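In what follows, a single structure is set out as structure tokens and then discussed.
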Amino acid sequence: MPLLDRVVRRIHDEHCRFRLSDDEVKDIEDMVLHLVKDLLPGRLLNDSGGRYSIAEVIEAGSYFEQTKIQLPNEFDFMLAVDQLSGEESIFLSEGCKPGYAHVRVTEPQIWDTTSSDDDPERRFEIALLQFNMYVRESLKLLLLEPLRGRFGQLEIKEIVVRGKPFKAFSHVQTLTLLYSELRCTDTVEPGTTLLYERLSTEQKTDIEVCVDLMSCCHLPLSAFKNILPEKCFENEALAANGCHVVLKSCESNSCVESQGKCRLISYTKTEQGCMKRLDVSWKVAYRMLKWLFQYTGVLEVDTYKIKTAVLHCSSVRGQGEAVPVGEGLIAILRVLRKSAFSDNLPGYFNPSLNVWSVRPCYHYLVKYEMIFLLKLFTNIQKCRDEGQNEDVYLDAINAWIYSFCSHAVEISKMAKTSTSRLEQFNWQGNAFLDILKDTEPALKNNVVFSWIPFQLKCHVLCDVFKVLSSLFMEKIVSWLRLNIPLL
């Protein structure tokens, strides 16, 4: 096996695998699915007096994509509201940003909380918020007693709106459950079959399991004819699954100032299918990058950006096609580096949507991070000594992580200070050079990485000239405008 593949798989096996047995993972999954798919729809229909029902429960998020790392403690679902799904219930128009749409309710009479003063867009928001309220109350009633599985049980801790109990106008509600293992008692009734083993005397800590529920409406792809680009309609899976619209608004200035906010168009169901079909090597590379970037999360390179890069790379080779895990990793990092330079990463299903949203205060740090990681793993890939111990290469990766974490507080403060472009560059450049200085000894201990510090300093120096030249030219243009009259 190539050296880079061994390094990536070792990181994956040590840091990304679930820290629970397969039986416990399956037990948690079964209980959560039973709650959300089997119990919730009937209870909600009853509690709402038939006003609301769930048309479909869509599995979403990394657990169901088989890319979750470390613990099975987050489950994401989308709840399609039956009364809001279909072109006869909803009218769509183009939003103020690509990937968003204005949504209007065509049959407002089914909701008794709307008033004649509410416009059709406001009625859509009110309807979903009322649906969310019924979901929360139904879940509380369903969990008056813990859910019991084969090896453990789930009991409710709280249910909040995106972690903020008093913020009613959010598009996600989070149910937090506590998973604890069942314990055998000393006395067991005759004829009882135990489906779990006696635990050791060592007490195990309960695990918090978060279930995120996002309400939405479902519409066929034809309803988005004048909203989505033509390329979307060429995707057979998207045509079969349609799209969903959620409450999340685009937060642009025009939306903030307007009462009628445009809402995010979601491709989750089709996206899930693509991720599940990926060859396991792509998933290993993806999980490894998720683990690595969680330490630099302040830089806003979130999992959705990585996933979009994975989908772009895998589509070139064929999503079900096998690929050496090291090659897959390098391909993903190249896409991320290109995006860091251009500040653009087209959406996989909607190329008019830019999913690369990194603030200027982190632009250069993200750019240097991508250059560093690509150089690091490319150099390992070039090493042909298959018998080398992976530890010497892992030392450099760990040194990078430790160094970044030691500067994380300083880096996070950059977003809180409004400064000029030159000051932002100075802060980011100096922060990166400090991180590189701490990492340099580990890099120079290995001849494969010895030139990386010098190469990265050259990148920073090039940006110094670019930034200063740009500012100098701006000043010249400004001076000419003030001192030379128009002819």
Side-chain angles (χ1 to χ4, degrees), residues 289-290 292-306 308-309 312 329-346 354-379 396-444 449 451-475 477:
L289 285 174
K290 283 177 67 174
L292 188 60
F293 283 121
Q294 72 180 356
Y295 293 102
T296 62
V298 67
L299 298 184
E300 303 173 345
V301 182
D302 54 51
T303 56
Y304 193 75
K305 295 181 179 67
I306 308 170
T308 301
H312 280 301
L329 177 73
I330 297 296
I332 297 165
L333 284 172
R334 281 179 177 150
V335 171
L336 293 174
R337 183 189 64 173
K338 181 180 178 181
S339 299
F341 272 77
S342 64
D343 279 326
N344 182 54
L345 178 58
N354 179 18
V355 302
W356 190 266
S357 53
V358 175
R359 285 177 287 179
C361 59
Y362 296 133
H363 167 80
Y364 290 100
L365 270 173
V366 172
K367 176 180 166 182
Y368 299 146
E369 178 186 33
M370 296 306 169
I371 295 171
F372 171 79
L373 292 175
L374 186 57
K375 285 187 176 295
L376 192 76
F377 289 111
T378 301
N379 284 11
I397 297 169
N398 290 330
W400 163 259
I401 292 172
Y402 295 148
S403 178
F404 191 95
C405 289
S406 67
H407 293 83
V409 174
E410 170 195 347
I411 292 169
S412 66
K413 292 178 180 177
M414 293 180 184
K416 300 176 183 178
T417 307
S418 178
T419 57
S420 67
R421 185 160 50 120
L422 180 59
E423 288 175 318
Q424 285 182 347
F425 171 72
N426 284 338
W427 280 21
Q428 294 176 70
N430 288 330
F432 177 76
L433 291 175
D434 287 341
I435 294 169
L436 186 62
K437 182 180 178 182
D438 295 342
T439 314
E440 197 164 350
L443 294 172
K444 290 192 172 179
F449 303 137
W451 278 94
I452 289 180
F454 174 75
Q455 292 169 334
L456 287 168
K457 290 172 186 175
C458 288
H459 278 286
V460 176
L461 186 60
C462 286
D463 281 335
V464 170
F465 285 112
K466 288 179 182 177
V467 171
L468 291 177
S469 299
S470 174
L471 292 173
F472 180 68
M473 290 303 298
E474 287 177 8
K475 288 185 178 294
V477 171

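No hydrogens, no waters, no symmetry mates; every other heavy atom, side chains included, goes into these values. Owing to the predicted nature of the structure, the values given are computational and were not obtained by experimental measurement. All residue numbers in this chain count up from 1 along the given sequence.
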Check: [Y] main-chain N/O paired with [X] side-chain donor or acceptor under 3.5 Å:
| X | Y | value |
| --- | --- | --- |
| D438 | F404 | no |
| S406 | S403 | yes |
| N354 | P346 | no |
| S469 | K466 | no |
| E410 | A431 | no |
| K444 | P453 | no |

Any side-chain heavy atom of [X] sitting closer than 4.5 Å to one from [Y]?
| X | Y | result |
| --- | --- | --- |
| L289 | L333 | yes |
| E369 | I435 | no |
| L299 | V358 | no |
| Y364 | Y368 | yes |
| W356 | N344 | no |
| L373 | L292 | yes |
| V464 | F425 | yes |
| E300 | V366 | no |

Say you draw a straight line from [atom1] of [X] to [atom2] of [Y]; how long is it, rounded to the nearest 0.5 Å?
| X | Y | atom1 | atom2 | answer |
| --- | --- | --- | --- | --- |
| L456 | K375 | CG | NZ | 6.5 Å |
| Q455 | N379 | CD | CG | 7.0 Å |
| R334 | L329 | CZ | CG | 10.5 Å |
| K338 | L345 | NZ | CG | 10.0 Å |
| K305 | T303 | NZ | OG1 | 9.0 Å |
| C458 | W451 | SG | CH2 | 9.0 Å |

List the steps and the verdict of side chain to side chain contact (heavy atoms under 4.5 Å, CB included) for V335 and T308. CA-CA 9 Å; V335 171; T308 301; over 6 Å; no
Salt bridge between K437 and D434, side-chain N to carboxylate O under 4.0 Å?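 Looking at D434 together with K437, the answer is no, because their closest N to O distance does not fall below 4.0 Å.
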For the student: nearest non-hydrogen atoms of [X] and [Y], plus distance:
| X | Y | result |
| --- | --- | --- |
| A399 | A442 | CB-CB, 3.6 Å |
| C361 | Q428 | O-CD, 3.0 Å |
| C405 | Y295 | SG-CD2, 3.8 Å |
| H363 | A340 | CE1-O, 3.2 Å |
| L468 | L422 | CD2-CD1, 4.1 Å |

Where do F449 and T439 land on the side chain to side chain contact (heavy atoms under 4.5 Å, CB included) test, with the steps shown first? CA-CA 11 Å; F449 303 137; T439 314; over 6 Å; no
Heavy-atom count check: over 12 atoms from other residues, nucleotides or ligands less than 6.0 Å from Y402 OH? no
Show the numbers, then the answer: is there a side chain to side chain contact (heavy atoms under 4.5 Å, CB included) between F432 and I411? CA-CA 9 Å; F432 177 76; I411 292 169; over 6 Å; no
Stepwise side chain to side chain contact (heavy atoms under 4.5 Å, CB included) check, T296 with F293: CA-CA 5 Å; T296 62; F293 283 121; 3.6 Å; yes
Taking only residues two or more places apart in sequence or in another chain, which ones pass salt bridge (Lys or Arg N to Asp or Glu O under 4.0 Å) with K290?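 So K290 forms no salt bridge (Lys or Arg N to Asp or Glu O under 4.0 Å) with any residue.
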